[in-house]
Amino acid sequence: MSLRRRTHLHSVALRAPLLLAALSPASLASQAQAAGTLAGTPIENTATASYDDGGTTITVDSNTVSLIVDEILDIAVTSADPGDVPVRPGELDSVLKFTVTNGGNGPEPVLLTIDPNIASDDFDPAAVTIFIDTDDNGVYDVGTDTLYTLATPPTLDPDASITVFLLGDIPATTADGERSEVELTGTAATGSGTPGTVFAGQGEGGGDAVVGSTGATANDSGFYAVVDATLDLTKSATVLDPFGGATQVPGSVITYRLTAETTGSGSIDNVVITDAIPGATTYVDESITLDSTGLTDTADADAGTFDGSGIAVTLGTVAGGTTNIIEFQVVID
Amino acid sequence: MKFLIAFLALIAPASAVLGNQVALDSQVFVERSAEQADGSVTVTLEEPTRVVPGDNLLFVLTYQNTGAEAAENFVVTNPMPEAVVFGEAIDSGAVYSVDGGTVFGPLAELRIAEESGVERPAHAADVTHIRWTLTEPIPAGESGQLKFRGIVR
């Protein structure tokens, strides 16, 4: 139907508004959601006119134009990790965290797919699975959060977000500093494609579904970074004979030095350095030092022990970049 | 044809008791912009049945005095549908309500009381009703249009 082009002849000016009994009370417009008016919402427009007919005020209503708001399909996916997720070689079920948001105006099931095999990274995790943060606490809970399956995609309300966890196993062959990229894609179950694509009759409330600006699909990547450390142990000995020289004769004192050098971006737990006392020598009591500090032979608060056949120094957790020097002495029999 | 049908439907019951009749027709168009191959943008008007959030709507109110006498003190009031945020009035002289149709005035003179009790100037998004009052009678047989824009929330 074409617009009527005739210009009305009447000048329009401000004037005190008339009291109109026929005005229906209209509710104040509600605040719009970010996603917009909910799909299926009717928009009805009716105007009212009044005029005077020889002293009688007459009111007339216009016809009512009815429109229905269609469903917009918009999905957003963002990594929710603050940075690379540190993992160790061989670690199982390492967790990457994502946020999936329904930016549309109707409830929409979201299909989730993962790509752990990004070509440009250093390694690929194995056995990657998707879990939904069922209790919505932002933390993966074994036995509580539910495994995602294609048959039961989560349905997100308009403007709603969920947390999605990817669990992957880190290959034991990975080395310190290696990274792996894992991509999560979320797609509106109704469909996706070029913005503006219409899925007739498939919108919420029986209307159409229209692909929004996101294309109704989105992806983002999370990253694993292997944090590992290696320990190099080197041993050296110096000999002091009873005459102030370095000959190995009975009575000479041998000072053994164990240098434990930890390298890498990670740390090593439960490090214990042990060394047996060589034959034909006798341990010099209380001679253990750790980084030039003396340790007692008994098992007590300090890190050193001597059990009669060898020494042990418990270093515990050692971070990469640490060098520990352990010394002890024996006398040649 | 749609206009005529609506027009007749409105007129029929009134004509039995009234000496003059003014019919009011409401139409809503959606303005769709499309970029052409040469880079220009054309705007087409469609009469939709379905819209999506963000659609630009053009409301056209057409009045026609089909009676034998002039209609005086003609006032047209259009409540904004809840899902539509007011955009702009195309025809001058509109006054607005931001309180559900109780007080009307120029938008710049209207104020909104926030929940905190603080008042602020009203915005287009606050408009609940738009109204035009014609200063001159509508002569018999004459017609005119009043137009405004809105956006689907």
Side-chain angles (χ1 to χ4, degrees), chain A residues 1 3-4 6-18 20 22-33 35-39 41-54 56-58 60-72 105 203 207-208 210 212, chain B residues 2-3 6 9-10 14 18-20 22-28 45 47-54 59-63 69 71-85 91-93 95 100-101 104 106 128-129 131-136 138-139 142-145 152-153:
Chain A
M1 180 173 182
L3 281 174
R4 295 169 68 99
R6 187 170 177 183
T7 307
H8 62 88
L9 301 170
H10 316 284
S11 62
V12 178
L14 294 180
R15 112 181 220 181
L18 297 179
L20 289 185
L23 268 184
S24 59
S27 58
L28 287 169
S30 62
Q31 279 297 312
Q33 291 183 293
T37 304
L38 292 181
T41 302
I43 296 178
E44 297 190 332
N45 192 63
T46 309
T48 303
S50 73
Y51 58 95
D52 287 350
D53 172 25
T56 305
T57 298
I58 297 166
V60 291
D61 286 342
S62 75
N63 59 306
T64 298
V65 177
S66 291
L67 307 173
I68 301 286
V69 176
D70 278 337
E71 182 177 357
I72 289 278
N105 62 345
D208 295 344
V210 183
Chain B
K2 186 175 178 183
F3 172 79
L10 280 167
L18 302 171
N20 64 4
V22 177
L24 183 63
D25 180 64
S26 165
Q27 287 172 285
V28 180
L45 290 181
E47 214 170 358
T49 57
R50 320 201 69 92
V51 293
V52 295
F59 292 78
V60 179
L61 305 176
T62 305
Y63 56 86
E69 296 170 24
E72 298 185 347
N73 298 328
F74 187 74
V75 178
V76 174
T77 305
N78 197 134
M80 293 301 298
E82 198 168 318
V84 177
V85 61
D91 291 286
S92 63
V95 290
F104 281 85
T128 62
H129 292 69
R131 170 179 289 176
W132 282 273
T133 299
L134 304 191
T135 54
E136 300 292 329
I138 309 171
E142 290 299 328
S143 64
Q145 288 185 332
V152 180
R153 292 182 193 269

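The figures here come from the full heavy-atom set of this structure, side chains too, leaving out hydrogens, waters and symmetry mates. In what follows, every chain begins at residue 1, and chains take the letters A, B, ... in the order their sequences are listed.
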(request) Check the side chains of Ser62(A) and Asp25(B) for a donor-acceptor pair under 3.5 angstrom, ignoring hydrogens and angles. (result) no

(message) Just so I know, are the side chains of Val52(B) and Val69(A) near enough to count as touching, which here means a heavy-atom distance under 4.5 Å?
(response) no

(message) Determine whether a donor-acceptor pair (N or O, by modelled atom type, separation under 3.5 Å) exists between the side chain of Tyr51(A) and the backbone of Val22(B).
(response) yes

(message) Is Thr64(A) close to chain B through its backbone or its side chain, or both, or neither, when contacts mean heavy atoms under 4.5 Å?
(response) neither

(request) Could you check which of Asp208(A), Ile72(A), Ile43(A), Asn45(A) has the highest count of heavy-atom pairs closer than 4.5 Å to chain B? (result) Asn45(A)

(message) Just so I understand: if I count every heavy-atom pair under 4.5 Å between each of Pro53(B), Ala83(B), Ser26(B) and chain A, which residue has the most?
(response) Ser26(B)

(request) Quick one: do Val76(B) and Thr48(A) satisfy side-chain contact (heavy atoms from CB on, under 4.5 Å)? Show the steps, please. (result) CA-CA 6 Å; Val76(B) 174; Thr48(A) 303; over 6 Å; no

(request) Can you see which heavy atom on Glu44(A) is nearest to which on Pro81(B), and at what distance? (result) O-CG, 3.4 Å

(request) Evaluate the side-chain proximity of Asp70(A) to Val51(B): yes if any heavy-atom separation is below 4.5 Å, no if none is. (result) no

(request) Could you grab the distance from atom CZ of Arg153(B) to atom OG1 of Thr41(A), nearest 0.5 Å is fine? (result) 12.0 Å

